[in-house]
Amino acid sequence: MASTPDLTTEAQTPEQALDARTGRPGYRWYVLGLLIVTLLFSVADRLVFSILLEDIKAEFDFSDLQLGLLGGFAFTATYIVAGFPAARLADRSVRKNIVAGAISFWSGMTALCGAAVGFWTLFFARTGVGVGEGCSGPASQSMLADYFPRRELARAMGFLTLGSTLGTVTGLMAGGLLAEAFGWRMAFVLMALPGFVIGGALYFTVIEPRRGRFAPVGARTEQLPLGETVQTLLANRVFLGLAFGWAVQIMIGYAMAFWLAPAMIRMFEVSVGDVALYLGLAFLIGGVPGPILGGVITDWLVRFDERWRAWFPGLVSLGSLLPLWFAFQSGSFPLFLGLFAFSYGIYVASQAPIMSGIQSAVEPAQRGFAVAFALFFNNLLGQAVGLGLIGWLSDMLQPTSGKSALGEAVMMVSLGAGVVALAIFLWTAVQMKRTGYLEAMAAD
């Protein structure tokens, strides 16, 4: 494992000088903090749509299926156009500039959502917001793998996942309060403004780290041709298992983030402002300790067996559904919130081992593209299929289940996703031994 030599500035090579600058403990945590805030607004600008669903539905008379398509498929369409080219660029160019440009672009598209006049104009604006995940995610995760050594990477990814939690809270609470004060259109505009400031901070204050700094000896840092990169990833069974297991289990996370607000409004007949405040607090209570503990526990578990990067997310994803089921059965608004916070905290603990596992399983020159590959299927299954399927099931169950239809649809899809994801992660753990992955990690 590479380390920063204890040399004077005069004796350092350019690479060693760069490592010394980017290896300062305070500075790398500053960069991680900026990436957390970037992810925060990526998620907030995407999920503010959730708290505004009922207002948008009332103005345009959309069905739940249409709302699900706007929340999911619109993002997947963006991945086809922008996600993979941006990831290829991230594997050979300055990653911090890609992240800075991405947040500035999707912030502008978030503001345009407030100018929508119907389904297709809103769909177009939502595809632009999808550039956030497509362009910033691969570059951010790849950059972190060059700021933190593998023994600390799960912890760093756990902290990065805080951005998702805080973004969900911000999207719900700020979006709901802004909508009540200024209307749903102005809520989109105001939510977009901080992104331009963050983009400037990334561009002007972040130093690009040396690619492959903490990679095992002999790892390739030069970008391979596209065909060879794809072929190598498709032959990497550990990477494929983590990527597809993540894509299936994240149906649960998207279901919680997107459909819980409208489900609560229908079940408990509470105002948008109340749901924004109290559901946001529930996300905060469960979502802050969950990913941090998930990262710390993973870093501890993999000291004994690297396969915990696969076992742990499979177990906790399925385990999170029991308190979620009790929440829907509770019939009490406060009890629902408490049980949901517990469920969400368990669920988000699964993200750090998956994200760090993907970075460990591939070559440094493939990291951006590998994350784009994984995030593409996250959006395809988790959002486009998962959210749309829940919306369709809700419409089908409405005649017999009434106000409970949406909650039942969420549980049906989440349970199926949890079982399938556990099976995939168990298979992945087997591949870690069969493919020589465990020996490679032990030799690092």
Between W311 and W308, what is the ring plane arrangement, given parallel below 30°, perpendicular above 60°, and tilted in between? perpendicular
For the atom pair OH (Y344) and CG (L279), what is the distance rounded to the nearest 0.5 Å? 10.0 Å
Contact between F188 and V48 at the side-chain level, heavy atoms closer than 4.5 Å - yes or no? yes
Measure from the ring center of F119 to the ring center of F60 and say whether it is less than 6.0 Å. no
If you round to the nearest 0.5 Å, how far is CZ of F258 from CG of L70? 7.5 Å
What distance separates E208 CD from N97 CG, expressed to the nearest 0.5 Å? 7.5 Å
Partner of F62 under side-chain contact (heavy atoms from CB on, under 4.5 Å), picked from L69, L53, L122, is L122
F159/W29 under ring pair (Phe, Tyr, Trp, His ring centres under 6.0 Å): CA gap, chis, key distance, verdict: CA-CA 10 Å; F159 275 97; W29 284 97; 5.4 Å; yes
Aromatic centroids of F373 and F369 separated by under 6.0 Å: no
Do S350 side-chain atoms and Y347 backbone N/O form a donor-acceptor pair below 3.5 Å? yes
Taken to the nearest 0.5 Å, the spacing of L281 CG from L337 CG works out to 8.5 Å
Show the numbers, then the answer: is there a side chain to side chain contact (heavy atoms under 4.5 Å, CB included) between V270 and Y278? CA-CA 11 Å; V270 290; Y278 294 113; over 6 Å; no
